[in-house]
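First up is the structure itself, then whatever we jot down about it.
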Number of protein chains: 4
Amino acid sequence: MADTRTPDSTRRSERSRRAIYDAALALVGEVGYQRTTIEGIAARAGVGKQTIYRWWPSKAAVLLEAFVDLNQQAADALGETAQAIPDTGDLAADLRRVLRATVDELVDPKYDIPTRALTAEGIVDAELGSRYVDTLLRPALQLYVDRLVAAREAGHVRADVDPETALELFTGPLTHRWLLRTAPLTHAYADRLVDYALNGLAPR
Amino acid sequence: MADTRTPDSTRRSERSRRAIYDAALALVGEVGYQRTTIEGIAARAGVGKQTIYRWWPSKAAVLLEAFVDLNQQAADALGETAQAIPDTGDLAADLRRVLRATVDELVDPKYDIPTRALTAEGIVDAELGSRYVDTLLRPALQLYVDRLVAAREAGHVRADVDPETALELFTGPLTHRWLLRTAPLTHAYADRLVDYALNGLAPR
Amino acid sequence: MADTRTPDSTRRSERSRRAIYDAALALVGEVGYQRTTIEGIAARAGVGKQTIYRWWPSKAAVLLEAFVDLNQQAADALGETAQAIPDTGDLAADLRRVLRATVDELVDPKYDIPTRALTAEGIVDAELGSRYVDTLLRPALQLYVDRLVAAREAGHVRADVDPETALELFTGPLTHRWLLRTAPLTHAYADRLVDYALNGLAPR
Amino acid sequence: MADTRTPDSTRRSERSRRAIYDAALALVGEVGYQRTTIEGIAARAGVGKQTIYRWWPSKAAVLLEAFVDLNQQAADALGETAQAIPDTGDLAADLRRVLRATVDELVDPKYDIPTRALTAEGIVDAELGSRYVDTLLRPALQLYVDRLVAAREAGHVRADVDPETALELFTGPLTHRWLLRTAPLTHAYADRLVDYALNGLAPR
DNA sequence: GCGTAAACGAGACGGTACGTCTAGTCTTTTC
DNA sequence: GAAAAGACTAGACGTACCGTCTCGTTTACGC
């Protein structure tokens, strides 16, 4: 039977935790997600397999935490407001800037490969997916909500707009192209999205 | 080394092919994609493993073809034009109708589970992904292109609109919510998408 | 590396020692030797694993000491001479009596299972084997030596007989049948052994 | 669940079987029985673990068969009668010769180590023990029975002697010293055993 | 209609990784 | 400072599948 005793997290080895994060991210980057194995992570981290199984339920969960940790570190390095979408008063310009940056990130293999892996895993595994959304995706989307609310108050956006839906006009298509590879992701595409979404497809 | 001789498809057993499709779809529905194995499909189909390896390169490829076959059958049952997006002259109403139908399909577990599995696999496996897009997704998206081109000619849509980008304002957000489960998929959501995309977020 | 510091035995917990003996014997009786683990003994004794590793080099060593302790207690309960082979003047009768008693003991599962385990372990592990022989077996065999020497002095046994070898004519076959289960261990067998060994196989 | 299907022995790979025997015997000789693992045997034999698990229930069973096979080969090399105890008419001399040969064998590490391991395992595991006795030990003991019966018919042994018991006067003590290492195994000891057993301990 | 060659069902094979178990060590806290 | 508790590295366990490779057994085409 499985070990049903919950381990005592106060006695957890910080050293091992870090080594596992590092090994997991390195391996996914080097050989891809499918060929990254728990045995491989353990060996690379100089850790017993049981130490992984003790603290994580699956390979995907390890990678997710490793990613969250990475983001945390990056966020800590920057100031708090540094990650917010800028508000220059020109909504279109601000969105173009942030969408272009997102395009750049999604195109960079360093982010592309592990993020794809996590996303794909979350698509099939609902439990993991919800943790992924809550810890990584939702905070990123919230930045759009904040900016759109500000724009609405400034009268740059229709008063009846639901920001949760509105933001998906930008991130939805971008994610669609990125994940499904239906067409190349370019800055021009990002700009066009902002144009269409803000001004609509119908003639004015 | 692999058997480099190309098998003679004229001598292929139609019976086995059908049995493999059925077994693959049934197993994915019953135990999920991850726990569906080629051995399991072979056993369920009453077929030797080699018969699968002879004709398909991977589990995902089997499932993809099984899905294509399923769609083919459904399409054959309907008339040819039956799957096109209707053109009543009211673009918004036509889009609402088709998006609502899509929502209904994505919410139905019968389609949801295997489609998720295929999509997730295609996200990670580029080769499979491109076949998935070409055989299943692209034809479906083309229907939007056709309808949007017609709308553009009728002056119901801006003359400068790129239909390939424009259609993603509808399918992108829908796919986003479906795959990532960020929020429930409803008819109201579909309607709102049509409103935002056609009229834009900015005040007129 | 192992903790080379010799622990201070004066501070040793008598309570733990007893609990470990009891747990070890109980477990071997219940689940057999192979499936008795040091972890299991520690858990059952309510003792940390390190407490076992601190004082014993192996599972077999624990069991051996537990057994020695058990014998000690039994011996203390009886008088000192009580365990000697009786000397009624009739060597054959005395040997039959003691061999029959040995048969009874070897057939009793209470002794059979742990003694088998220890013996088997000692056969493979020379170090343990020698401790087993010295602490448990040798004292028992010495009783035969004593009785045979007395018989020799009384002229009931050839003057040139080496008691160390002679005693094995009794214990050797008995042990052989017991360990290898080549044939059932019975009182009749014990009697026959005494007859053959004392009188020889050759016709007189 | 375990694979309950019985494998088809007609399709068994003779090559793998031989390689497994060789690897098992080599490893036991090199690192001892306890530190010989199924993984190690598989790796050394260049064989998948499952191939071992498919055909044998345990490490001990592999070793037993390897040993039986070894004996078979040795027996096939010699003539049929070559392994019988010689009958020169001088029972004592014949027994001395065979016991001395046995001593030599038991002292040779090549036989000592794996035989010890198998014997010890058979002592604890009754099922394996009975297979060990039936396939390896019993045939060897039968040779004594045959010789003793011949001696009885020739009047060199008491008419009332049970050969099954009598033979244990020789093999029992020898096995006892060998397994328990109570004293060194020498030719002199073998000779003394023959003397005592044939002539008895009591004065004539 | 008969021979032959390819596809077939079956499943053994060498492997890899799984998730579990235990060994023996190390660390922290309690008595 | 011994002991309880238990996390740690290490690695074998037995299982599940992988993809390849024979085996006979159909099956269907060309002679």
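Computed from heavy atoms alone, side chains included, the values below leave out hydrogens, waters and symmetry copies. Labels below follow one simple rule: chain letters A, B, ... track the order of the sequence lines, proteins then strands, and each chain is numbered from 1.
- As rounded to whole Å, 13 Å separates atom C1' of E:dC13 from atom CG of D:Asp8.
- Of the residues near DNA chain F, A:Arg54 and C:Ser13, the one whose nearest nucleotide (by heavy atom distance) lies more toward the 5' end is C:Ser13.
- Not one side-chain nitrogen or oxygen of C:Thr51 sits closer than 4.0 Å to the OP1 or OP2 atom of F:dA3.
- Residue D:Ser16 has a polar side-chain atom (N or O) positioned under 4.0 Å from OP1 or OP2 of E:dG14.
- At the heavy-atom level, B:Gly40 lies nowhere under 4.0 Å from the strands shown.
- Separating the CD1 atom of C:Ile52 from the P atom of F:dA4 is a distance of 9 Å, rounded to the nearest angstrom.
- Under a cut-off of 6.0 angstrom, the local environment of CZ in B:Arg18 is crowded, with over 12 non-hydrogen atoms contributed by other residues, nucleotides or ligands.
- Counting atom types as modelled, C:Gln50 pairs a side-chain N or O with a base atom of E:dC26 as donor and acceptor under 3.5 Å.
- In this structure, D:Arg44 atom CZ and E:dG15 atom P are separated by 16 Å, rounded to whole Å.
- Using a 4.0 Å cut-off between charged nitrogen and carboxylate oxygen, B:Arg44 and B:Glu30 count as a salt-bridge pair.
- For B:Ala19, the side chain to side chain contact (heavy atoms under 4.5 Å, CB included) criterion is met by B:Ala45, not counting sequence neighbours.
- Within the 4.0 Å cut-off from OP1 or OP2 of E:dC13, at least one side-chain nitrogen or oxygen of D:Trp55 is found.
- Protein atom CZ of B:Arg17 is 15 Å distant from nucleotide atom P of E:dA7, rounded to whole Å.
- A:Ile20 pairs with exactly one of A:Ile52, A:Ile38, A:Leu25 by the side chain to side chain contact (heavy atoms under 4.5 Å, CB included) rule, that one being A:Ile52.
- Rounded to an integer number of Å, the gap from CG of A:Leu27 to P of E:dA17 is 11 Å.
- Taking atom CZ on A:Arg35 and atom P on F:dG19, their separation rounds to 13 Å, with Å as the unit.
- Atom-to-atom, CD of B:Gln34 to C1' of F:dC17 comes out at 13 Å; the value is rounded to the nearest Å.
- With rounding to whole Å, C:Ile38 atom CD1 is found 17 Å from F:dA5 atom P.
- Nearest-nucleotide positions on DNA chain E for A:Glu39 and C:Pro57 put A:Glu39 closer to the 5' end.
- Summary of the strand contacts: C:Lys49 and A:Lys59 both lie near DNA chain E, and taking for each the nucleotide with the nearest heavy atom, the more 5' one is attributed to A:Lys59.
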